[in-house]
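Step one of this worksheet: look at the structure below.
Chain letters run A, B, ... following the sequence lines, proteins first, then strands; residues in each count from 1.
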2 protein chains.
Amino acid sequence: MKKQLIMEKAIELFAKQGFEATSVQQITEHCGISKGAFYLSFKSKDELIIEIIDHFMIQFTSEIDYLVRSEREEENLLYKFYYAIFNSFQKHSDFGKILIKEQSRSFNQDFIVKMRYYDRLMDKTILSMVEHLYGDDKVKEIKYDLVFCIKGFMSMYSQLFLFYNVPLDLDLLSTSLVEKTNLLARNSTVPFISKGLIEVFEEPGLEKLTKDQILLLINQAIEEMDESVEKESLVLLKEQLHEQTFGRAIIKGLLENIRIHPQTKWISYLLGSFFNL
Amino acid sequence: MKKQLIMEKAIELFAKQGFEATSVQQITEHCGISKGAFYLSFKSKDELIIEIIDHFMIQFTSEIDYLVRSEREEENLLYKFYYAIFNSFQKHSDFGKILIKEQSRSFNQDFIVKMRYYDRLMDKTILSMVEHLYGDDKVKEIKYDLVFCIKGFMSMYSQLFLFYNVPLDLDLLSTSLVEKTNLLARNSTVPFISKGLIEVFEEPGLEKLTKDQILLLINQAIEEMDESVEKESLVLLKEQLHEQTFGRAIIKGLLENIRIHPQTKWISYLLGSFFNL
DNA sequence: TATAATACTGACTAACCGGTCATCTGTCAA
DNA sequence: TTGACAGATGACCGGTTAGTCAGTATTATA
């Protein structure tokens, strides 16, 4: 697939020079293909960056969210969370660089909307983790601040291995951040970010995808897939979406079936969120 | 001065659209001048952004550094530090937006070097504050982590009022962050960032400016200034640089004289650093 | 007022951009 | 061998950019 090649090479260039500073010409030269061939795979340069963002963020968001939803051992959850985050950043450091570089650029409206969307998803995941870890009541006042601090830790320490190619001890890093997070969660008394403040910049945006939108994705995936356990699971889940027949256990099992496959990972996440599992 | 006007208008546009997306044409139209006039004030578009960065970062860095150096009341220092930081961000929010938007873009090598330089200066200032606040020995192990956490707080909470125009309670924010910082400083036991790690990405860079370089700046400033106490102080400091004659008290007084003037604020900072005051 | 110096203008250039499309190429069935 | 066709090509287009410069307007000087 040419698409794959183009995306890989483009990520390298975007990470080095930034999106706007990289021309389609450069990308195609780096791939060893012609300019026209680029436009056989992508409608525009903007579509390319959007697809790149989606490709990685879907993996990333699903992975972290699954971890938080499934890990019941409270003591280990936070550690595993940090470890997974930084491990992912390290593995896909070029993409991480793009993410940080283009953070809040305004060159493309779709891009901003996309980034906001994934950012909110991450907020939601972290928040539910915080509530689960420390008890909804206990940290009620400071939980939003906690989310902010955790994100602050993530962004500051990410920059270490994104911009200085230092091999890092992820175990130590995670342990260190777990301690810091626990300290803040258990001892903070002065919240700054209130529920009201959150709502101001939460904006619309993050309402769940409607049943129809998810259905569309499922049908699409079913068509593209070969016969397999995953496809079977998808069909069953599609029926479940139409009328509730299975219990939680079966649904969870089905979601687990399709979670491994990269193509359906995202659907697993969306359905998990839809069914409140 | 046209330079002033161009910089002001350019900052507005850069904050809204980003540096690369703003053309020189747009800037000149926004100023009501011709394109040619722009190039009478600046050699290039790149030189403009560099001058903007310098103008604000010099103010910002000097201000924070002076605060940290002069405030002896330990209890209030941290509060004042956060307050000054966020107050400055709020006052110059357009510049803040540029700073975050263009954070780590690679469109211009000089730009990156500049940003690194000011970042290191800020690191140094925060580090010396941490050592002063909590005792050099007590936080020896975790002081670098503490610097990172403080910077993380700064960057996360800054985004609040930079990208959502919410009027914020700076007093509450500062109080809240003081508590968090104290918690981390007094209870953290697992450091991640070691002295060795710091040195890896500290790189060369931040050696002090040489005597000659400072002298150059002083001479330049003397030429541009009218007769005044400030100019007199500068001349005396220049002599002091050639051969040590005055005591610490006098030097400190002279530095204080030139600290108020925007044009010589930076020199005051550099000399303060040079004389170790 | 005449002259010199300075500040300013905007049409112009060369380069590059994203995107298009007539043309070509290699493959494979007939 | 032929013809058909999907995939690939790169010259080309309209548009935008940073930067230039010959010429004009304004101000200072004498």
Side-chain angles (χ1 to χ4, degrees), chain A residues 1-55 98 101-102 105-114 224, chain B residues 1-55 98 101-102 105-114 223-224 226:
Chain A
M1 195 62 171
K2 274 276 154 59
K3 249 183 159 169
Q4 196 69 30
L5 174 71
I6 293 174
M7 282 172 73
E8 279 169 25
K9 298 295 184 184
I11 288 169
E12 289 175 25
L13 291 174
F14 289 162
K16 227 184 290 174
Q17 317 170 341
F19 174 75
E20 277 182 301
T22 304
S23 67
V24 174
Q25 193 97 317
Q26 276 179 283
I27 297 171
T28 56
E29 275 168 18
H30 203 231
C31 292
I33 61 173
S34 69
K35 207 174 167 185
F38 174 91
Y39 287 94
L40 293 177
S41 295
F42 298 93
K43 277 212 292 289
S44 68
K45 196 185 162 192
D46 281 353
E47 196 188 82
L48 168 63
I49 188 71
I50 293 285
E51 286 215 24
I52 289 175
I53 297 285
D54 272 338
H55 178 260
I98 297 174
K101 281 194 181 183
E102 317 293 340
R105 314 229 65 227
S106 34
F107 56 84
N108 180 303
Q109 196 55 40
D110 287 351
F111 181 89
I112 293 198
V113 172
K114 266 275 143 65
E224 289 172 1
Chain B
M1 196 63 172
K2 276 277 154 59
K3 248 181 161 173
Q4 195 71 29
L5 174 71
I6 294 174
M7 282 172 73
E8 278 169 26
K9 298 294 184 185
I11 288 168
E12 289 175 25
L13 292 174
F14 289 162
K16 228 184 292 174
Q17 316 169 342
F19 175 75
E20 278 183 301
T22 305
S23 67
V24 175
Q25 193 95 271
Q26 274 180 285
I27 297 171
T28 55
E29 276 168 18
H30 204 231
C31 292
I33 62 172
S34 70
K35 210 174 167 188
F38 174 90
Y39 287 93
L40 292 177
S41 295
F42 299 94
K43 274 210 295 289
S44 68
K45 196 184 164 193
D46 281 353
E47 196 188 85
L48 168 63
I49 188 71
I50 293 285
E51 287 218 22
I52 288 175
I53 297 285
D54 271 338
H55 178 259
I98 296 174
K101 278 193 184 183
E102 318 291 342
R105 314 229 66 230
S106 32
F107 57 82
N108 182 304
Q109 195 55 40
D110 287 351
F111 181 89
I112 293 198
V113 172
K114 267 271 142 66
E223 273 181 36
E224 289 170 3
D226 301 326

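Within 4.0 Å (heavy atoms only), A/Thr22 reaches sugar-phosphate atoms of the nucleic acid but no base atom. Across all strands shown, A/Lys43 has no heavy atoms under 4.0 Å from either base or sugar-phosphate atoms. No engagement by A/Thr28 is indicated, since no non-hydrogen atom pair under 4.0 Å with the nucleic acid exists. Using a 4.0 Å heavy-atom distance criterion, B/Ile33 is classed as a sugar-phosphate-only contact. At a threshold of 4.0 angstrom between heavy atoms, the contacts of B/Lys35 include nucleobase atoms, whether or not backbone atoms are also involved.
Nucleotide D/dT16 holds its C1' atom 14 Å from the CD atom of B/Gln17, rounded to whole Å. Straight-line distance from the CZ atom of B/Phe38 to the C1' atom of C/dA11: 19 Å, rounded to whole Å. Note: CD (A/Gln26) to C1' (C/dG19) measures 17 Å, nearest angstrom. When rounded to the nearest whole Å, the span between NZ of B/Lys3 and C1' of C/dA7 equals 16 Å. Rounding to whole angstrom units, CZ of residue B/Phe42 and P of D/dG19 are separated by 13 Å. Look at CD1 on B/Ile49: it is 15 Å from C1' on D/dA18, rounded to the nearest Å. Rounded to whole Å, atom P of D/dA22 lies 17 Å from atom OH of B/Tyr39. In this structure, B/Ile27 atom CD1 and D/dA18 atom P are separated by 8 Å, rounded to whole Å.
Residue B/Lys45 has no polar side-chain atom (N or O) positioned under 4.0 Å from OP1 or OP2 of D/dT17. A close approach under 4.0 Å does not occur between any side-chain nitrogen or oxygen of A/Ser44 and OP1 or OP2 of C/dG18.
B/Phe14 contributes atom CZ, which lies 14.0 Å from atom NZ of B/Lys9 (distance to the nearest 0.5 angstrom). Residue A/Glu12 holds its CD atom at 10.0 Å from CD1 of A/Ile98, rounded to the nearest 0.5 Å. Considering CD of B/Gln25 and CD1 of B/Ile27, their distance stands at 10.5 Å, rounded to 0.5 Å. Atom NE2 in B/His55 sits 10.0 Å away from atom CD1 in B/Ile52 (nearest 0.5 Å). Rounding to the nearest 0.5 Å places CZ of A/Phe42 at 5.0 Å from CD of A/Glu51.
Nearest nucleotide to the side chain of B/Lys2, out of D/dT9, D/dA18, C/dC8: C/dC8. The side chain of B/Ser23 approaches D/dT17 more closely than any other nucleotide in the set D/dT17, C/dA7, C/dG18. You'll find that the side chain of B/Ser34 is closest to C/dG10, out of C/dG10, D/dT9, D/dG19.
Mapped onto DNA chain C by nearest heavy atom, A/Gln25 and A/Gly36 fall at different nucleotides, with A/Gln25 at the one closer to the 5' end.
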